[in-house]
Structures are given as structure tokens and as C-alpha cells.
Q: 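Mind looking over this structure? Questions follow.
Sequential numbering from 1 along the given sequence is applied to the chain's residues. Just so it is clear, the values below take in all heavy atoms, side chains as well, and ignore hydrogens, waters and symmetry mates.
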Amino acid sequence: MRRLAHAAAATGLAALAGCGPGPAPPDEQTLTAPPPPLRAEQSLDVPETDAVGAITTIATRVCRPTGKGPFPLAILNHAAAQPGEDRAEIGVAGCDSPLPRWFLDHDYVVALPLRRGYGRSDAGWAADPGSCASPDYVKSGFEAARDIAAVADYLEKSPDVRPHGLVVAGEDEGGWAALAFASVPANTDLAAVIDVDGGMGGHAASETGHVCRPDLLVDAAGTFGKTTRVPTLWIYASNDPVFPPELARAMLAAFTGAGGKAEFAAPASPEGDGHVWMFSGPGTAVWSPLLDGFLKG
């Protein structure tokens, strides 16, 4: 069982406790049944024990490749609600959408969780960083990472999933969650992280391009870098209006300067707004070779 604990004295936080033992794993029939055919979808309510011991659930779509496995697991994390969107109405991508399909074609079991506060997942928005004047981006990252940990713990009990070789990817808030997850030393099953336009505090006051306290976002990236030992790939679109390459490079410098390992790419997204594009079709030709080179490297 992984443990979401982190030294956070510098930020005034208490260390975050791990996802405790939680409820029982899936029933034996679920665990021992043959994997469904390629791109078959399974909907799960993954149990999670939060920081105060309350049990919540993470609505998760699971897509399995053909064959008996075991296969490595890829957890793909959605973006934050964009201006005008309601978190409660956000859903996850289908198994045949471009990013899940890419991982399925590379023989990964794919999990697409809805973090707390989104869709039908329980509880409020756990990753809320707080006020724009003084956001806590470290705490928000760890809370989002807690949801990733719950899904990994749950699915790695399945006989068709390897207990090592985990890849975590995400965009926007999902990318930030992935970086936070990478920084937890107890996540020894983790092999690599892919952060696409990751960050928090964007769209402040509904103003595209205005980020709450970007200096604190850079500092938080440095905090994550101190304890990240797995390779990370950072993809920030050159036409991202929320976290542009200048801010991305400042976060990257803080992350690598603190000891984190990262590759960086700033391609132009074919979308008009290059911020949320990882799960869309037009961007596949741009990000696919980047993922392929990184995961083979």
C-alpha cells in the first residue's frame, strides 16, 4: 500500500497520510474473470480513504487490451473545469479516444478516474488551492495525487495488471496531480510521469492567461522536484494561453534545480487554444512521437 506522506514543513502543512487500508478489493469474480476484449470499458467506483479517514469513491473507467497480461497500468488524468464548465457535469474520455487508444495499442491497461469533486465522484473539490492571493499549490497537488494513488492501489490487485511499471499522465490540473504523485517516494511502482500543460490557478477570476500567484506555482514545482526520482516528460504547447512556455520553463527550472528529472517539449498544438488538447484527435500527430520516444528511452 503506497503512502501519500510528504515533508511539508516549508509550506506549513502537516504530512499527508496515505490511502489507508480502505474497503475490500473487488470481488473474486471481477479479479479472476478473463480480461475483456480490446477497448472494452468497465466502470468502477474505486474506494478511497481521505486524509481524515472518511471513505469516498472515485468514479473510474477502465480499458483493457486484448490478451491475458499482466500488463502495465496507465492512469490518465483529466483537466480542471474550464471557464463555463460545471465540475459535476464533467465526464472522462472513452476508451477509443486518442490518448487511451494510444496506451491500449502499446499494451497498457488504462484507467481514467474522475478526481474528487468531478462528475459522480464523491466529496467536494479536494484539490482546491484556496484563495487567489495565497494559494497552496503543494497541498492541492497532493490531494489530487491521493485520488491517483487510490486507483493505482485498487487496480494493481488485479491479476492482469503488473504491480510495477505504472505510468501516470495528465493535462492541466491532471498534469499537476501527476507531478505531485511522482514526488511521493513510497510510490515505488511508478515508472514515468507525463505532464501536459500542468498547473493550478489558471483562469483566475475567469480571465484566461491570468494565473494566481505564479511565483508560488514555481515554488511548488521545486518542492515536487526535491523528491521526484522517476523520469518525467513535460509537454507545454507553445500556444497555451494559460501556462505559456515562459511560465512552464520557470516551473521546469525549479523542478530540475531541486533534483527532479525532466524532458521538456513546447510544440504548437493544432488547436486554436493550446491549453487542453491531449485527449483530442488533431493533437495526436504532435504528442504521439513525444510519448513514444520518452517511454522507449
Side-chain angles (χ1 to χ4, degrees), residues 1-26 46-58 60 70-77 108-109 111 113 115-116 123 126-127 136-159 161-170 173-195 198 200 220-234 254-256 258-262 295:
M1 183 66 64
R2 75 192 70 245
R3 194 163 193 73
L4 270 179
H6 217 287
T11 64
L13 298 175
L16 290 175
C19 298
V46 174
E48 174 179 353
T49 303
D50 69 15
V52 296
I55 296 175
T56 60
T57 57
I58 305 298
T60 303
F71 304 103
L73 175 64
I75 301 179
L76 311 182
N77 298 279
Y108 283 82
V109 170
R115 297 184 301 279
R116 283 170 292 166
D136 193 335
Y137 293 130
V138 174
K139 181 176 182 288
S140 64
F142 284 149
E143 282 299 328
R146 186 185 297 280
D147 299 345
I148 299 172
V151 172
D153 282 340
Y154 191 87
L155 289 175
E156 285 174 353
K157 294 180 175 72
S158 175
V161 175
R162 291 181 193 165
H164 53 82
L166 171 65
V167 174
V168 174
E173 183 184 309
W176 190 250
L179 290 176
F181 184 83
S183 75
V184 180
N187 293 334
T188 55
D189 53 346
L190 183 62
V193 158
I194 299 162
D195 160 33
M200 296 288 294
T223 297
F224 295 155
K226 290 177 183 176
T227 50
T228 298
R229 296 297 175 262
V230 298
T232 65
L233 172 63
W234 296 41
F255 181 84
T256 57
K261 297 185 292 184
L295 292 176

Q: Grab the two heavy atoms, one from Pro159 and one from Pro70, that are nearest each other, plus how far apart they are.
A: O-CB, 3.6 Å
Q: For the residue pair Leu179 and Trp234, establish whether any side-chain heavy-atom pair is separated by less than 4.5 Å.
A: yes
Q: What are the two closest heavy atoms between Ala191 and Val230, and how far apart are they?
A: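 Answer, listing the atom of Ala191 first, then Val230: O-CB, 3.9 Å.
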Q: Please name the pair of heavy atoms, one in Val168 and one in Ala178, separated by the smallest distance, quoted to 0.1 Å.
A: CG1-CB, 3.6 Å
Q: Would you name the heavy atoms of Gly222 and Ala258 that are closest together and state the gap between them?
A: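 Smallest heavy-atom distance, with atoms named: O-CB, 3.2 Å.
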Q: Distance check, rounded to the nearest 0.5 Å: Tyr154 atom OH versus Thr57 atom OG1?
A: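 Rounded to the nearest 0.5 Å, the OH-OG1 separation comes out at 10.5 Å.
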Q: For Ser183, is there any backbone N or O sitting under 3.5 Å from a side-chain donor or acceptor partner on Thr227?
A: yes
Q: Flag the pair Asp195 / Thr232 as yes when at least one side-chain heavy-atom distance between them is below 4.5 Å, and no otherwise.
A: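 Not in contact.
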Q: What's the spacing between Thr188 OG1 and His164 NE2 if we round to 0.5 Å?
A: 10.5 Å
Q: Judged by atom type as modelled, is there a donor-acceptor pair below 3.5 Å linking the side chain of Trp176 to the main-chain atoms of Ser140?
A: no
Q: When you measure from the side chain of Arg116 to the backbone of Glu143, do you find a donor-acceptor pair of N or O atoms at a distance under 3.5 Å?
A: yes
Q: Within this structure, what is the CG-CD distance for the pair Asp153 and Glu48, rounded to the nearest 0.5 Å?
A: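 The CD atom of Glu48 is 10.0 Å from CG of Asp153, to the nearest 0.5 Å.
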Q: Can you name the nearest heavy-atom pair linking Ala180 to Phe224, along with the distance?
A: CB-CZ, 3.6 Å
Q: Is the backbone of Arg229 close enough, under 3.5 Å, to the side chain of Lys261 for a donor and an acceptor to pair up by distance?
A: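 Confirmed, Lys261 side chain pairs with Arg229 backbone.
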Q: Would you say that Leu166 contacts Phe181 through its side chain, given a criterion of any heavy-atom pair below 4.5 Å between the two side chains?
A: yes
Q: Of all heavy-atom pairs between Ala127 and Met200, which one has the smallest distance, and what is that distance?
A: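 For Ala127 versus Met200, the nearest heavy atoms are O-CE, 3.3 Å.
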Q: Exactly one of Val151, Asp147, Leu155 should register a side chain to side chain contact (heavy atoms under 4.5 Å, CB included) with Pro113. Which one does?
A: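 The passing option is Val151.
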